[in-house]
Amino acid sequence: MNLFNENNASVHLIPSDPNATFYILPNGIGKDRRTIFSNAIQHFHLQLVASPENARFILADEQFDLPKVFSILKLDLSESEEKSLPIVIQIKWLTDSLKEKNLVPLTKDYIFRTPLIRKKTMPSFSQEPVIEEKKTIKNKPKRRLSDDQPQGGCATQVKQRRYSSDDDNNDMMEDYNDTVKNPFKNGELPKGNWMCSMSSQTAKKNTEINKDIIDKLQAMADLYNKTNDKWRAYSYQKAITTIRRCTKRIDSYEEIIKLPGIGESLAKKIWEIIDTGSFEKLEDFQSSEYMTAINLFGNIWGCGPNIAKHWYDQGFRTLNDVRTKAKLSQNQTVGLKYYDEFLERIPRDEVAEIEAVVKEHALALVPGLTIQTCGSYRRGKATCGDVDILITHTDGISHQGLLIPIIDSLRKCGFLTDDLVLSDKYEEDSGSHVKYFGVCLLPGENRKHRRLDIIVIPHNEYACALLYFTGSALFNRSMRNLAHQYNMYLSQHRLNTGVIRKNNSKINMGTPLYTPTEESIFKYLNLPYRPPEERDH
DNA sequence: CAGTAG
DNA sequence: TGGCCTTACTG
DNA sequence: GCCA
């Protein structure tokens with residue numbers, strides 16, 4: 001793994017080599033260009049560092065010469081024959097690479113003239129420093145985030161937050177507020193029906209007024225969701241959200257068709273419900289042998305539309321058919337075992353009890369953990385479908401390797417009865433979170449088996465994870481879709497800006513934004529902040 | 001990879 | 001006409 | 001199913 005071909009004057013870069021650390025000399029490079037270059041670095045899987053001391057390569061504007069660059073860096077050209085100096089490269093190398101859509105060979109033409117020192121300053125790359133360097137880089141950012149206040153801070157604070165300058169390897173995490181370019185002015189959103197911009201709160205008290213309509217549409221959506229017609233289901237779901245926001249009883253076709261997300265087809269169906277009190281299509285479905293079976297099977301955890309259809313095609317019609325004749329995955333076996341229990345809602349109080357058990361065991365292992373129950377519980381619902389518990393630690397480190405011990409502890413006391421998904425491949429890499437999906441049972445009489453998800457994440461991802469696991473699903477999709485419009489991308493890990501997509505796939509992942517709080521994410525997206533209770537779409 | 005889930 | 005969220009697990 |  002050599003960075004250099006010694007027999008050749010040109011330098012051959014191996015992008016994945018962790019030693020290929022790059023620093024962009026900001027002088028003479030505007031913020032926009034710098035963002036582009038940062039993105040490029042990431043796109044080519046190169047390692048960007050925030051301070052020149054950690055960089056093997058310095059990317060500099062062509063207007064400078066080597067002495068100038070070194071003076072900016074406060075490095076002495078004549079000194080330090082032994083200490084390896086960074087190699088200064090023309091930024092043109094990056095732009096050329098961008099043009100080619102591939103890293104072009106790093107020939108000597110791109111390297112600033114260094115006749116005096118070049119021979120001796122070719123860094124050597126033994127294995128030892130590689131490992132050391134890796135560790136420093138991985139750990140520092142996590143520690144640096146220890147002053148986060150997960151729930152505190154209003155949106156306006158975002159702009160004031162800065163990383164301290166000694167924070168290496170955090171160029172990408174720099175406060176990018178100023179470089180976030182979206183074409184919309186403050187508070188303005190792109191054209192469209194953005195659920196995430198609206199509160200669901202008003203919806204709650206108006207549910208009754210159009211209840212018959214909503215219930216029937218919901219039943220249809222549920223059924224379509226269990227077929228492969230997920231986009232139709234999506235439309236129904238959005239229509240339901242819209243109707244929930246209506247403050248008056250809907251009583252004319254004209255006002256229905258005007259509602260966003262409701263077109264001719266749905267308007268006709270809604271009018272049918274209003275006019276006749278019934279919904280023929282739904283009744284057809286509900287009396288259909290196929291839909292009945294699909295609905296039955298689809299309620300098994302781990303059985304989706306395709307498996308359900310497959311079972312139907314095999315002639316299965318009842319749960320007993322499935323139990324005795326179908327080839328079941330491990331998850332489906334568990335899902336079938338608790339079929340009825342999983343369909344029941346969990347009272348709020350019981351969620352709190354489950355949370356308390358998990359907290360007790362987790363905190364016994366590591367005091368000071370941040371433990372937050374998300375999902376519909378955090379949205380303030382009276383009952384929940386499952387329990388989502390998010391765990392992190394403000395020190396940015398203590399969460400590592402935590403999941404398995406927690407699970408073991410909970411399993412040992414009989415709280416966990418079955419596992420569905422258990423990912424323990426924490427590689428201290430890629431910020432991959434760690435998740436457990438399983439089944440728990442509180443001690444005592446008349447208890448029911450409940451679905452429990454535990455997610456352990458690094459603290460710098462806390463806000464995005466919180467946002468994601470709090471939902472609702474529709475709210476998340478709306479928000480991510482909005483991010484997409486801005487050429488950003490939002491996931492449970494991070495919010496990136498400057499994403500370049502082509503044919504609906506990302507060719508450039510962009511640059512992560514600093515997201516200490518949920519509020520900051522809303523702000524980046526030009527959205528008014530919505531507390532969890534208002535995300536119940 | 002398809003399927004399922006969040 | 002084609003996008004409609006995104007990542008991660010299982011088998 | 002809806003929308004651009």
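In the text below, chain A, chain B and the rest are named by the order of the sequence lines, each starting its count at 1.
Between His459(A) and Tyr462(A), the ring planes lie parallel to each other; the angle is under 30°, not in the 30° to 60° tilted range. Note: Trp311(A) and Phe297(A) have perpendicular aromatic rings, judged against thresholds of 30 and 60 degrees for the angle between ring planes. Between Phe522(A) and Phe475(A), the angle of the ring planes lies from 30° to 60°, which puts this pair in the tilted group.
For the pair Gln330(A) CD and dG3(B) C1', the interatomic distance rounds to 16 Å; values are reported in whole Å. Summarising the geometry, the separation between CG on Leu259(A) and P on dC3(D) is reported as 10 Å, rounded to the nearest angstrom. Straight-line distance from the CG atom of Leu266(A) to the C1' atom of dG1(D): 6 Å, rounded to whole Å. Atoms OH (Tyr224(A)) and C1' (dC4(C)) sit 17 Å apart, rounded to a whole Å. We find that CD of Gln485(A) is positioned 14 Å from P of dG3(C), with the value rounded to whole Å.
A close approach under 4.0 Å does occur between a side-chain nitrogen or oxygen of Lys269(A) and OP1 or OP2 of dG1(D). Residue Arg477(A) places at least one side-chain N or O under 4.0 Å from the OP1 or OP2 atom of dC5(C). OP1 and OP2 of dA8(C) both lie 4.0 Å or more from every side-chain N or O belonging to Ser423(A). Side-chain nitrogen and oxygen atoms of Asn306(A) include at least one within less than 4.0 Å of the OP1 or OP2 phosphate oxygen of dT4(B). His493(A) has a side-chain polar atom (N or O) that falls below the 4.0 Å cut-off from OP1 or OP2 of dA8(C). One finds a side-chain N or O of Tyr489(A) lying less than 4.0 angstrom from the OP1 or OP2 phosphate oxygen of dT7(C). Distances shown here put a side-chain N or O of Tyr234(A) below 4.0 Å from the OP1 or OP2 atom of dC5(C). Contact between the side-chain N/O atoms of Lys506(A) and the OP1/OP2 oxygens of dT7(C) is found at a separation under 4.0 Å. Taking only side-chain nitrogens and oxygens, Asn504(A) never comes nearer than 4.0 Å to OP1 or OP2 of dC5(C).
Atom name C1', nucleotides dG1(D) and dA8(C): the rounded distance is 29 Å, in whole Å.
If you check the side chains of Lys502(A) and Asn508(A), you find no donor sitting under 3.5 Å from an acceptor.
Ion pairing between Glu518(A) and Arg535(A) holds under the 4.0 Å rule for side-chain N and carboxylate O. Residues Asp321(A) and Arg317(A) are not paired through a salt bridge, judged by the lack of any N-O separation under 4.0 Å between the basic side chain and the carboxylate. Between Arg447(A) and Glu353(A), at least one side-chain nitrogen of the basic residue sits less than 4.0 Å from a carboxylate oxygen of the acidic one, meeting the salt-bridge criterion.
Among the heavy atoms of the strands, none lies under 4.0 Å from Asn476(A).
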Symbol by symbol from the 5' end, with Watson-Crick or G-U pairs under 3.5 Å, [ ] crossing and | another strand, DNA chain B is ||||||

